[in-house]
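This report refers to the structure that appears directly beneath it.
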Amino acid sequence: MKEIKFAERFRESLKNSKYTCKELAEELGVAKSNLSNWKKGINLPSVDMLFRISILLEESTDYLLGLED
């Protein structure tokens with residue numbers, strides 16, 4: 001089984017996006033601390049949240065989870 005690379009891919013995608021952490025948190029309706037925890041790999045977003053993140057960051061969910069390059 002592949003190791004989940006969400007934290008690394010999320011940080012990279014956010015950095016390359018048009019959003020700041022604050023803006024993305026507002027768009028998603030979550031606290032900035034949630035984003036911080038995802039970036040650090042402390043926890044993962046729910047499936048629904050992952051889908052919303054992928055749309056806003058214009059990345060596939062498979063890419064964010066490390067299932068594809």
Side-chain angles (χ1 to χ4, degrees):
M1 178 179 223
K2 286 187 174 185
E3 178 182 327
I4 294 178
K5 297 181 178 184
F6 179 79
E8 176 185 328
R9 299 267 174 103
F10 178 63
R11 282 192 310 269
E12 176 186 320
S13 296
L14 180 56
K15 180 180 167 186
N16 295 327
S17 79
K18 63 182 180 179
Y19 296 101
T20 64
C21 283
K22 181 181 178 185
E23 292 168 339
L24 185 61
E26 288 174 1
E27 285 288 324
L28 294 171
V30 298
K32 271 181 56 178
S33 61
N34 288 47
L35 271 65
S36 179
N37 287 341
W38 298 336
K39 287 168 52 176
K40 293 176 185 174
I42 294 172
N43 56 31
L44 295 170
S46 67
V47 173
D48 292 340
M49 191 61 65
L50 176 62
F51 180 70
R52 293 174 63 199
I53 291 167
S54 73
I55 291 170
L56 291 171
L57 297 183
E58 300 177 358
E59 296 286 2
S60 74
T61 55
D62 283 353
Y63 173 78
L64 290 172
L65 293 172
L67 299 173
E68 70 179 16
D69 290 327

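Quick note: numbers below take in every heavy atom, side chains included, and nothing from hydrogens, waters or symmetry partners.
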Kindly compute the distance separating OG (Ser60) from CZ (Arg9), expressed to the nearest 0.5 Å. 8.5 Å
NZ (Lys5) and CG (Asp69) are apart, to the nearest 0.5 Å, by 6.5 Å
Rounded to the nearest 0.5 Å, how far does OG of Ser17 lie from CD of Glu12? 11.5 Å
Leu35 with Phe51, same ILVMFWY side-chain cluster at under 4.5 Å: no
Side chains of Cys21 and Lys39 in contact at under 4.5 Å (non-hydrogen atoms): yes
Gap separating the CD1 atom of Ile42 from the OG atom of Ser36, nearest 0.5 angstrom: 6.5 Å
Backbone of Thr20 reached by a side-chain donor or acceptor of Glu23 within 3.5 Å: yes
Taking atom CG of Leu50 and atom CG of Leu65, what is their separation to the nearest 0.5 Å? 5.0 Å
Do you know which two heavy atoms are closest between Glu27 and Arg52, and how far apart they sit? O-NH2, 3.3 Å
Kindly indicate whether the side chain of Ser13, heavy atoms from C-beta on, has any atom under 4.5 Å from the side chain of Tyr63. yes
From the options Leu64, Thr61, Asn43, select the one residue that forms a side-chain contact (heavy atoms from CB on, under 4.5 Å) with Phe6. Leu64
Looking at CG of Leu24 and NZ of Lys18, how far apart are the two atoms once the value is rounded to the nearest 0.5 Å? 11.0 Å
